[in-house]
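Report on one structure; see the data block that follows.
Remember, it's 1-based here, ligands and their atoms both numbered in the order they're listed. These numbers come from the heavy atoms of this one structure, side chains and all, not from hydrogens, waters or symmetry mates. None of these values were measured; they are calculated from a predicted model.
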Amino acid sequence: MILFKKASELHKWLEIQRKNGKTIGFVPTMGALHKGHLSLVDAAIKANDIALASIFVNPTQFNDPNDFVKYPVTIERDIESLEAAGCNILFLPSVAEIYPEGINSDQSQVYDLGQLERVFEGAYRPGHFQGVCRVVERLTRIVIPHTIFLGQKDYQQCMVIRKLFSLPGQLPVTIIVHPTLREPNGLAMSSRNMRLSAEEREKAAEIYKCFQFIRDHITNSDTSDLLQTATQRLRDNGFKPDYIAIADAQDLSPILTWDGKQPAVILAAAWLGEVRLIDNMPLSEPQA
Ligand code: AMP
């Protein structure tokens, strides 16, 4: 695996590869890698000549400064995992490399994400998706990938990134979304799980159990009782839920009565101690 820290050097190297007809599959990450990330790297290896992962803890997408400061960093281990997975390139830029003009500049640039920025993560994390778009656009202009690989774990983020690449002036890239990898108890793998105690990691599986409960009990009628029961189950297990909801899989508008056919997704965000966990379960074929 070749490690690049300088955007200009990576860009130049990739330009030569593209001229030689090589395809580039890109997996953007914030590091503290787990098997979920590595499943994306594996998909990029299988589908492309060059699999490139980036590790960059993007300061502009953290609406909560405490979350940024406490974000796990395990670079040495990440490099070993990527090598072992067969990743070809790692891009490990500094903040100055991605934001040479500083992280507070170009705030006037606003991505029109419509409704996506007003619901669920958009509503609970003001500015978060603008920061995601800023970094994804910048990384993409450096890498110019053919394909970007994303995890369905961040369902709304996948929708935001699809929306980003539909906006005028963006590069043409193919987006591939891969299913969420879970721990044996159902907990979605996440870098933030490192901040949970062993006991909390067991409790945290309750989110997935609530999804299964909703999926198994949902009928063609009002969903509010079911959602209330699930919310209470989370509270009983020590969570502070931000939301647990059923939404249209394509535009995330809330579904109060499900007809059993409309593509839908169950979405949840909940605090366990100081850690905010998000997860989702599509109720029909994945759409993200
Ligand atoms: P992050 O490092 O959390 O920004 O995630 C980088 C990429 O990995 C994103 O596309 C995530 O959606 C994806 N990802 C995170 N957790 C998982 C998981 N458990 N299974 C599959 N993909 C994941």
Side-chain angles (χ1 to χ4, degrees), residues 25-47 51-64 67-68 70-75 77-79 81-82 85 87 90-93 98 116 120-121 125 128-140 143 145 147-165 173-196 201 204-205 207-208 211 265 267-269 275-282 286-288:
F26 179 32
V27 182
T29 82
M30 297 206 296
L33 301 182
H34 50 68
K35 285 186 191 150
H37 294 116
L38 297 176
S39 72
L40 301 180
V41 171
D42 192 50
I45 292 170
K46 289 196 171 114
L52 185 153
S54 64
I55 296 179
F56 180 65
V57 185
N58 174 36
T60 68
Q61 72 184 69
F62 285 84
N63 53 308
D64 173 359
D67 190 26
F68 178 56
K70 297 217 166 139
Y71 201 83
V73 176
T74 59
I75 292 296
R77 226 193 57 200
D78 291 352
I79 292 175
S81 306
L82 289 170
C87 186
L90 169 60
F91 183 37
L92 189 61
I98 298 298
L116 282 177
F120 304 116
E121 292 305 283
R125 301 188 63 187
H128 167 62
F129 286 134
Q130 291 296 321
V132 168
C133 289
R134 281 177 82 189
V135 78
V136 170
E137 174 170 11
R138 280 161 190 249
L139 289 169
T140 303
V143 174
T147 310
I148 297 186
F149 293 82
L150 303 174
Q152 191 179 273
K153 156 80 167 53
D154 298 285
Y155 192 95
Q156 194 170 356
Q157 176 172 276
C158 292
M159 295 178 81
V160 161
I161 293 174
R162 279 197 197 286
K163 174 81 181 168
L164 166 69
F165 286 110
V173 290
T174 302
I175 292 170
I176 297 194
V177 176
H178 270 262
T180 305
L181 258 70
R182 297 180 180 279
E183 301 291 352
N185 68 4
L187 170 64
M189 290 183 184
S190 165
S191 306
R192 289 184 177 87
N193 294 352
M194 284 182 197
R195 295 180 53 207
L196 300 174
R201 270 199 293 275
I207 297 180
Y208 184 66
F211 290 165
V265 59
L267 299 159
V275 182
R276 186 172 182 274
L277 300 170
I278 62 165
D279 199 355
N280 66 84
M281 178 188 277
Q287 304 287 321

(request) Please report the closest heavy-atom contact between Met189 and Lys153, naming both atoms and the distance. (result)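 Here Met189 and Lys153 meet closest at O-CE, 3.6 Å.
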(request) List the atom of Arg201, the atom of Asn185, and the distance in Å for their closest heavy-atom pair. (result)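 Here Arg201 and Asn185 meet closest at O-ND2, 3.3 Å.
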(request) Check whether any side-chain N or O of Asn58 sits under 3.5 Å from a backbone N or O of Val135 as a donor-acceptor pair, and report yes or no. (result)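 No; judged by distance alone, with no hydrogens or angles, the pair does not exist.
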(message) Assess whether a salt bridge exists between Glu121 and Arg276, defined as any Lys/Arg side-chain N lying under 4.0 Å from an Asp/Glu carboxylate O.
(response)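 Answer for the salt bridge query: yes.
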(message) One thing to verify: whether Asp67 and Arg192 come together as a salt bridge, which I'm taking to mean a side-chain N less than 4.0 angstrom from a carboxylate O.
(response)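 Looking at Arg192 and Asp67, the cut-off is met.
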(message) Counting only heavy atoms and a distance below 4.0 Å, can you name the residues contacting ligand 1?
(response)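 Pro28, Thr29, Met30, His34, Gly36, His37, Leu40, Tyr71, Leu150, Gly151, Lys153, Asp154, Pro179, Thr180, Leu181, Met189.
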(request) Report yes if the distance between the aromatic ring centroids of Tyr71 and Phe62 is under 6.0 Å, otherwise no. (result)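 Between Tyr71 and Phe62, the centre distance is under 6.0 Å.
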